[in-house]
Amino acid sequence: QVQLVESGGGLVQAGGSLRLSCAASGRTFSRYAMGWFRQAPGQERSFVAGISWNSISTYYADSVKGRFTISRDNAKNTVYLQMNSLKPEDTAVYYCASSHSSDVYSYQYQYAYWGQGTQVTVSS
């Protein structure tokens with residue numbers, strides 16, 4: 001059974017930083033691309049960042065480019081999302097996801113497994 005468990009969310013002031021982690025089990029983590037998505041209240045879930053199986057390729061939504069960094073540690077079966085210069089509009093539940101593929105994509109249907117999410121709240 002594949003499990004993805006996010007952690008690291010919380011309340012932070014605008015301009016601050018948070019680091020999200022997602023620990024994976026039940027699947028050969030290193031074979032698959034990983035992604036982070038988010039869902040704000042009243043909005044659909046959207047792509048934030050993705051990383052290929054070997055970390056060579058990364059891809060970001062325009063809204064987070066230059067502020068967020070995705071990384072992974074295949075030895076620890078963990079993917080990270082470093083979020084800097086946070087804005088109130090970054091407030092959302094953040095989900096990690098494990099792809100069907102080794103290459104990174106931004107569409108939700110390309111991801112096979114999902115975590116339960118972690119809340120990030122940015123106050124102004």
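For reference, positions follow the sequence shown, starting with 1.
- The shortest non-hydrogen separation linking L86 to R67 is CA-NH1, 3.9 Å.
- In terms of heavy atoms, S106 sits closest to Y59 at CB-CE2, 3.5 Å.
- Remark: Y60 pairs with A49, T58, V64, K65, T69, I70 by the side chain to side chain contact (heavy atoms under 4.5 Å, CB included) rule, at least two apart or across chains.
- Between the CZ atom in F37 and the OH atom in Y111 there is a gap of 5.0 Å [rounded to 0.5 Å].
- The two residues S21 and W36 make their nearest non-hydrogen contact at O-CH2, 3.7 Å.
- At a threshold of 4.5 Å between side-chain heavy atoms, the hydrophobic network of Ile, Leu, Val, Met, Phe, Trp and Tyr places V93 and W114 in one connected group.
- Here salt bridge (charged side-chain N to carboxylate O under 4.0 Å, His left out) pairs that include residues 34-46, with residues two or more places apart or in two chains, are R38-D90.
- Checked against ring-ring contact (aromatic ring centres under 6.0 Å, His included), Y95 has no partners two or more places apart in sequence or in another chain.
- Follow the hydrophobic side-chain contacts under 4.5 Å out from V104 and you never reach V48; the two are in separate clusters.
- Counting only residues at least two apart or on different chains, no salt bridge (charged side-chain N to carboxylate O under 4.0 Å, His left out) pair has a member in residues 111-124.
- Note on F47: it does not cluster hydrophobically with V79, by side-chain heavy-atom contacts below 4.5 Å among ILVMFWY residues.
- Every residue was checked against the side-chain hydrogen bond (donor to acceptor under 3.5 Å, both in side chains) condition with Q39, not counting sequence neighbours, and none meets it.
- The hydrophobic cluster around Y107 extends to Y109, counting ILVMFWY residues whose side-chain heavy atoms fall within less than 4.5 Å of a member.
- Taking S25 as the reference, nothing meets the side-chain hydrogen bond (donor to acceptor under 3.5 Å, both in side chains) condition, with sequence neighbours excluded.
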List the atom pairs, with distances to 0.1 Å, where a side-chain N or O of residues 71-78 and a protein N or O form a donor-acceptor pair under 3.5 Å, not counting sequence neighbours.
unit_1	atom_1	unit_2	atom_2	d
R72	NE	N74	OD1	2.8
R72	NH1	Y32	O	2.8
R72	NH1	S52	O	3.0
R72	NH2	F29	O	2.9
R72	NH2	Y32	O	2.9
R72	NH2	N74	OD1	3.3
D73	OD1	A75	N	3.0
D73	OD1	K76	N	3.3
N74	ND2	W53	O	3.1
T78	OG1	K76	O	2.8

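- The ring pair (Phe, Tyr, Trp, His ring centres under 6.0 Å) contacts involving residues 64-94 comprise nothing, where partners must be two or more places apart or lie in separate chains.
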Side-chain donor/acceptor pairs under 3.5 Å, residues 2-18, sequence neighbours excluded:
unit_1	atom_1	unit_2	atom_2	d
E6	OE1	Q116	N	3.1
E6	OE1	G117	N	2.9
E6	OE2	C96	N	2.9
E6	OE2	G117	N	3.2
S17	OG	N84	OD1	2.9

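- Looking at residues two or more places apart in sequence or on another chain, you find a side chain to side chain contact (heavy atoms under 4.5 Å, CB included) between T28 and S30, R31.
- In this structure, the separation between OG on S124 and CD on E89 is 10.0 Å, given to the nearest 0.5 Å.
- Applying the side-chain hydrogen bond (donor to acceptor under 3.5 Å, both in side chains) rule to pairs touching residues 96-105 yields R27-S98, sequence neighbours excluded.
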